[in-house]
Amino acid sequence: ESPTDLPSRLVIWHPAPPDGPLQGTLLDRMASIRSLGHPALAALLAVGPIDDAAWVIEPAPKAMTLAARLASGGPLPQQEVTRLLREVARALTSMHRRGICHGALTTEAITLRGNGVKLHRLGRRVDGTVADDLAALAAIGRAATEFDPSRGGSRRVIPAALADLLDWLDDEDPARRPSSASEILVALDAFPGAPTDSSDLFEGSGMRGRAPGERRTAMLLAAVAVL
């Protein structure tokens, strides 16, 4: 069976080294991700050679991507953003502890399900870093909350705690940003009224609070207190 004949799957063709990864590197990555058994990771399905290069088969997304949700419904409500960041940060923490980085995390690489999220595109890059993943998480948080003027209406605002978290994630001084996904989890777990049931996750819209960009001190103090 040829890789291109497999239904409901995506085939990623990598260039030959040194521009692309070795087949053995991809095989190790696939085995490591599978060994985690994390429910939020769409594990690679197969790896194979083609000439001097390699291909990877990924499962095709079966649910709405975050990008599609934001395009059709606008910014997410606060609880949904908090839950989104928590679940992505939890998956990244699990990966990083095994020395694996996503490297290609975007709103297109996340699907939304009633019981949580799923991270896709895990076979796209093998040279990603923790810093890459945390920067991507910051961008995802901004995308999930910021208003798109082209959609019309007025600018939405978000609660202070969430705004502080986003300011921390993409602080203009890299040395002041979180250095690990686990730090972000600590801060999110300190949020008041964190949802425990995700059965209605990513449904509805609307936010209350303030516009981002003013304070992050409270968020930093919360993280330090828990640590």
Side-chain angles (χ1 to χ4, degrees), residues 32-33 36 38-41 66-67 70 75-110 112 116-122 124-146 157-196 198 201-202 207 209-227:
S32 297
I33 294 172
L36 290 175
H38 198 288
L41 300 179
L66 175 59
L70 295 174
L76 300 177
Q78 176 207 353
Q79 282 196 334
E80 295 179 7
V81 176
T82 302
R83 184 78 184 197
L84 167 70
L85 295 176
R86 179 182 287 109
E87 295 207 2
V88 174
R90 185 176 292 124
L92 291 177
T93 296
S94 180
M95 293 179 66
H96 293 169
R97 285 174 177 169
R98 292 288 188 92
I100 314 166
C101 295
H102 190 295
L105 189 60
T106 67
T107 56
E108 292 281 0
I110 300 173
L112 310 178
V117 304
K118 198 87 166 179
L119 306 191
H120 293 262
R121 301 191 176 185
L122 290 167
R124 307 298 174 96
R125 283 186 61 191
V126 299
D127 59 349
T129 66
V130 171
D132 290 337
D133 287 349
L134 298 187
L137 185 61
I140 288 166
R142 291 295 184 191
T145 57
E146 291 190 342
V157 294
I158 60 177
L162 181 55
D164 289 337
L165 175 68
L166 296 177
D167 289 345
W168 181 35
L169 288 176
D170 59 9
D171 194 294
E172 61 182 12
D173 181 359
R176 294 163 59 183
R177 299 172 190 166
S179 59
S180 69
S182 58
E183 286 183 65
I184 300 169
L185 275 179
V186 169
L188 287 166
D189 287 342
F191 272 37
T196 57
S198 60
L201 184 61
F202 308 122
M207 293 185 177
R210 68 170 176 84
E214 295 179 4
R215 297 182 297 115
R216 69 186 186 91
T217 302
M219 183 57 57
L220 292 172
L221 291 175
V224 171
V226 177
L227 287 171

When rounded to the nearest 0.5 Å, the distance separating CG of Leu85 from CD of Glu80 is 12.0 Å
Measuring from atom CD1 of Ile184 to atom OG of Ser179, what distance do you get when rounded to the nearest 0.5 angstrom?
9.0 Å
CD1 on Ile110 to CG on Leu84, rounded to 0.5 Å:
5.5 Å
Quick one: closest heavy-atom pair of Ala144 and Leu70, and the distance?
CA-CD2, 3.8 Å
Taking every non-hydrogen atom, the tightest pair across Leu188 and Arg86
O-NH2, 2.9 Å
Rounded to the nearest 0.5 Å, what's the gap from SG on Cys101 to CE on Met95? Could you check?
7.0 Å
If you take all heavy atoms of Lys118 and Pro39, which pair is closest and at what distance?
NZ-O, 3.0 Å
Which heavy atom of Gly128 sits nearest a heavy atom of Asp132, and at what distance?
CA-OD2, 3.6 Å
Heavy atoms only: give me the nearest Leu119-Ala91 pair and the separation to one decimal.
CD1-CB, 3.8 Å
I'd like to know if Arg142 and Asp167 make a salt bridge, using a cut-off of under 4.0 Å between side-chain N and carboxylate O.
yes
Take Leu36 and Arg98 through the side-chain contact (heavy atoms from CB on, under 4.5 Å) test and state the conclusion after the steps.
CA-CA 8 Å; Leu36 290 175; Arg98 292 288 188 92; 3.2 Å; yes
Test item: Arg121 side-chain N/O and Ala104 main-chain N/O as donor-acceptor pair under 3.5 Å:
no
Mind running side-chain contact (heavy atoms from CB on, under 4.5 Å) on Leu169 and Leu134 for me, showing each step along the way?
CA-CA 7 Å; Leu169 288 176; Leu134 298 187; 5.9 Å; no
Kindly say whether His120 contributes a backbone atom to a donor-acceptor pair with the side chain of His102 at under 3.5 angstrom?
yes
Main chain of Val117, side chain of Glu87: is a donor-acceptor contact present, judged purely on distance under 3.5 Å?
yes
Atom pair CG (Asp171) and CG (Leu166), whose distance is rounded to the nearest 0.5 Å
12.0 Å
Determine the minimum heavy-atom distance between Gly103 and Asp133, stating which atoms define it.
N-OD1, 2.9 Å
Going through the distances and angles, do Leu122 and Ile100 end up as a side-chain contact (heavy atoms from CB on, under 4.5 Å)?
CA-CA 10 Å; Leu122 290 167; Ile100 314 166; over 6 Å; no
Taking atom OG of Ser94 and atom CD1 of Ile33, what is their separation to the nearest 0.5 Å?
10.5 Å
